[in-house]
Trainee: 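Take this structure, written in structure tokens, and hold onto it; I'll ask about it next.
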Amino acid sequence: MSANTAVVERYRNSFLKEVEANVEEGQWVKMCMQCGVCSGSCPLGPAWDHPPQEIFMMIRAGKRDEVLTSSSMWMCTSCYNCIVRCPRELPITHIMHGLANYAHRLGIAPKNQPTRKFAKLFWDNLSKKGRVNELKLGIALYFMNGLVSGIKTALKMAPLGINMVKTKRMSPMEYFGGHGIKDTKGLHAILKKAREIEAAKMQKF
Amino acid sequence: MAKKEYSFYPGCSSQKAASGSNYQVSVDSMCDVLDIQLNTIPDWNCCSASIGYAEGGELPRLALSARNMALSEQHNAGQDIVATCAACWLATRETKDRLLHSEHLMKETNEALAAAGLNVKANQNVRHMVEVLIEDFGYDALGKHVKKPLEGIKIAGYVGCQTNRPFGIQGESFENPKYLDKLVETMGAEPVENYQKKVSCCGGALAFSEPEKSQALIKDIIEAAYDGGADMIVTPCPVCQMNVEVYQDQINSKYKTKFKMPVVYYSTLMSVAYGKDFKQSGLDGQVIAPNKLNAIAKK
Ligand code: SF4
Ligand code: SF4
């Protein structure tokens, strides 16, 4: 590092550096020119406390807690509107996913964020057997907020479930077995190794 | 024309008794007519869609898609990988691009795959079925097989998000793609001109976790189809299909609407137009019956 870059490095706030080091596609954040196109593109825009443009500004302003504890990134529907429209070609969708993942990993993402819970259920479901079991996922989803609310949701969703069973697009039998791959052992080994490699890359801040 | 072969990645929703099982039925019928042979990737796994990120992280997610690609390279060498699900296609294609773009990620992904004795090169094209239809066949060739033109049906082409962005179909714009409308026309039906919500988001996976917010989006998608005089909506994506079709009762009770808008796949339309019957076209899988299409299929 030249003397000059060393000076610059010292003046860059450490949260931006942290994001660049530890968040998927985080090295792109500095490229944002604050035009606001992404923020105008989010389908659930009104529900975001801080739309993407603001998140990028907050990262540069060093607002670590406000960013990582925000529920905003969890409102991303992965519609990819922002990506195709951003004049600077930032992979915004992936940065939002990356920030959500990082906050989740650090244990500071909002606890009761429904998409956080769903995403976790989904991953647990798929990583166990290699394929998603929609029925078990659905049932786990209904009950993710506890028994009482689960029963309420299940009753509300029952007509839908019956429609899906009638049209053979859902099977109650799936609960007792259902879909999976043959080489689950191999898949688990792959995922374990991938996690290890990724964990080893994480830098301390 | 000679038989065309592809390395097929069916995806979770296509499985027996899963939400998109009827999609698979119609795809099989359509491929039968077009003489397409789909060689399923042996022991394929879930791609983690766009919701695996929270628990998954980047490398485990890439490893999931890379495992499928590795198996495909091993068993279906020399063929393009084809997916029917938008999310499967997107995840796999994104993985390919990232692996080819970054030596690091390629190396790390292969380290992970080695734990199961696999290796990936990312040397096969990753394509959506719609790309195959348009690029490897073309509208004229697709039109030649039509036995029962879908006359008198007006259809809103709902392209949605992930078949359209970030990759999309070559030569089509992100904001106003026309290929679904052209396919509808090719099958003898009438497309809704300027269907306003053609590329709007249905909420995707958030239809599960944020049902009210997503249903507000879905409501607009259906409303715009009615505004355009549509008899039904057609889509290339199993997530869009499910979200837009199955929550209409709940939307009706919340918004006091009277929606009863059928939502079918492009492959459903094509199967019927190609002369396949009700069941072969996957029409028994519709929660809301597309009456005009059923009538043609039963003729
Ligand atoms: S569209 Fe791109 S450049 Fe504009 S604010 Fe969003 S991320 Fe920044
Ligand atoms: S992909 Fe996510 S961040 Fe981008 S516009 Fe869609 S919802 Fe917003």
Side-chain angles (χ1 to χ4, degrees), chain A residues 24 43-44 47 74-75 77-81 83-85 93 97-98 100-101 104-105 109 114-120 122-124 126-127 130-132 134 137-138 141 156 159-160 163-164 166-171 173-174 179 181-183 185-187 189-195 197-198, chain B residues 12-13 15-22 43-46 48-60 62-64 67 90 108-109 111-118 161-162 164-166 168 174 200-201 203-206 208-210 213-214 217 242 246-247 249-250 284-287:
Chain A
E24 186 171 342
L44 300 183
W74 300 95
M75 298 284 167
T77 63
S78 308
C79 74
Y80 289 79
N81 259 330
I83 287 200
V84 301
R85 291 179 184 163
T93 318
H97 293 179
N101 172 263
H104 177 72
R105 200 186 278 253
T115 302
R116 178 187 183 189
K117 287 192 193 172
F118 177 59
K120 186 169 169 21
F122 189 91
W123 182 267
D124 292 348
L126 87 88
S127 58
R131 291 183 193 170
V132 164
E134 290 175 339
L137 178 67
L141 175 72
K156 200 170 131 203
L160 190 158
N163 278 335
M164 298 298 276
K166 262 201 271 186
T167 52
K168 299 200 177 58
R169 286 164 64 183
M170 197 189 262
S171 162
M173 290 314 287
E174 219 190 296
H179 306 302
I181 64 171
K182 284 194 214 97
D183 188 21
K185 226 174 106 203
L187 183 79
I190 292 173
L191 290 176
K192 184 163 166 272
K193 185 76 196 164
R195 279 176 176 251
I197 298 172
E198 201 161 78
Chain B
C12 295
S13 71
Q15 298 172 99
K16 208 160 164 272
S19 62
S21 47
N22 57 328
D43 212 33
W44 59 268
N45 55 262
C46 172
S48 93
S50 356
I51 195 71
Y53 61 82
E55 195 68 23
E58 185 181 20
L59 200 59
L62 293 178
L64 279 176
R67 179 177 176 276
L90 177 59
E108 289 167 358
T109 303
E111 262 175 69
L113 289 184
L118 293 169
C161 296
Q162 297 192 345
N164 185 41
R165 297 181 298 263
F174 295 126
S200 298
C201 179
L206 272 68
F208 290 109
S209 53
E210 298 277 8
K213 295 186 185 84
S214 302
L217 303 175
M242 157 125 181
V246 307
Y247 299 109
D249 283 348
Q250 292 184 23
D284 55 345
Q286 298 297 135
V287 171

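Every heavy atom of this structure was used, including side-chain atoms; hydrogens, water molecules and symmetry mates were not.
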Trainee: Could you tell me which portion of B:L62 (side chain, backbone, both or neither) has an atom closer than 4.5 angstrom to a non-hydrogen atom of chain A?
Mentor: neither

Trainee: Do A:I197 and B:T109 come close enough that some side-chain heavy atom pair is under 4.5 Å?
Mentor: no

Trainee: For the interface with chain B, which of A:I181, A:L44, A:T93, A:L126 has the highest count of heavy-atom pairs at distances below 4.5 Å?
Mentor: A:I181

Trainee: Which one wins on heavy-atom pair count under 4.5 Å against chain A: B:P166, B:G204, B:A116, B:C161?
Mentor: B:P166

Trainee: Could you check which of A:A100, A:G186, A:A119, A:A47 has the highest count of heavy-atom pairs closer than 4.5 Å to chain B?
Mentor: A:A119

Trainee: Test your reading of the model: is there a side-chain donor-acceptor pair from A:E198 to the backbone of B:L59, 3.5 Å cut-off?
Mentor: yes

Trainee: Hey, could you give me the CG/CD distance between A:N101 and B:E58, rounded to the nearest 0.5 Å?
Mentor: 9.5 Å

Trainee: Just by modelled atom types, is the A:C79 backbone N or O under 3.5 Å from a matching donor or acceptor in the B:R165 side chain?
Mentor: yes

Trainee: Non-hydrogen atoms of chain A under 4.5 Å away: do they reach the side chain of B:L113, the backbone, both or neither?
Mentor: both

Trainee: Would a 4.5 Å heavy-atom cut-off, applied to side chains only, mark A:W74 and B:S209 as touching?
Mentor: no

Trainee: Relative to chain A, which segment of B:Q162 carries a heavy atom at a distance below 4.5 Å: side chain, backbone, both, or neither?
Mentor: side chain

Trainee: Report the residues that fulfil side-chain contact (heavy atoms from CB on, under 4.5 Å) with A:D124, sequence neighbours left out, ordered by chain and then residue number.
Mentor: A:K120, B:E55

Trainee: Has the side chain of A:D183 got a donor or acceptor atom that lies under 3.5 Å from a matching backbone atom of B:D43?
Mentor: no

Trainee: Testing the basics here: between B:A115 and A:K193, what is the closest heavy-atom pair and its distance to 0.1 Å?
Mentor: CB-CB, 4.3 Å

Trainee: Measuring from B:C46:SG to A:W123:CH2, what's the distance to the nearest 0.5 Å?
Mentor: 8.5 Å

Trainee: B:G168, B:A63, B:A49, B:G57: which one forms the most heavy-atom pairs within less than 4.5 Å of chain A?
Mentor: B:G57

Trainee: Name the region of A:I83, side chain, backbone, both or neither, that has any atom closer than 4.5 Å to a heavy atom of chain B.
Mentor: side chain

Trainee: Using the test side chain to side chain donor-acceptor pair (under 3.5 Å), find all partners of A:H97 that sit at least two apart in sequence or belong to another chain.
Mentor: A:S78

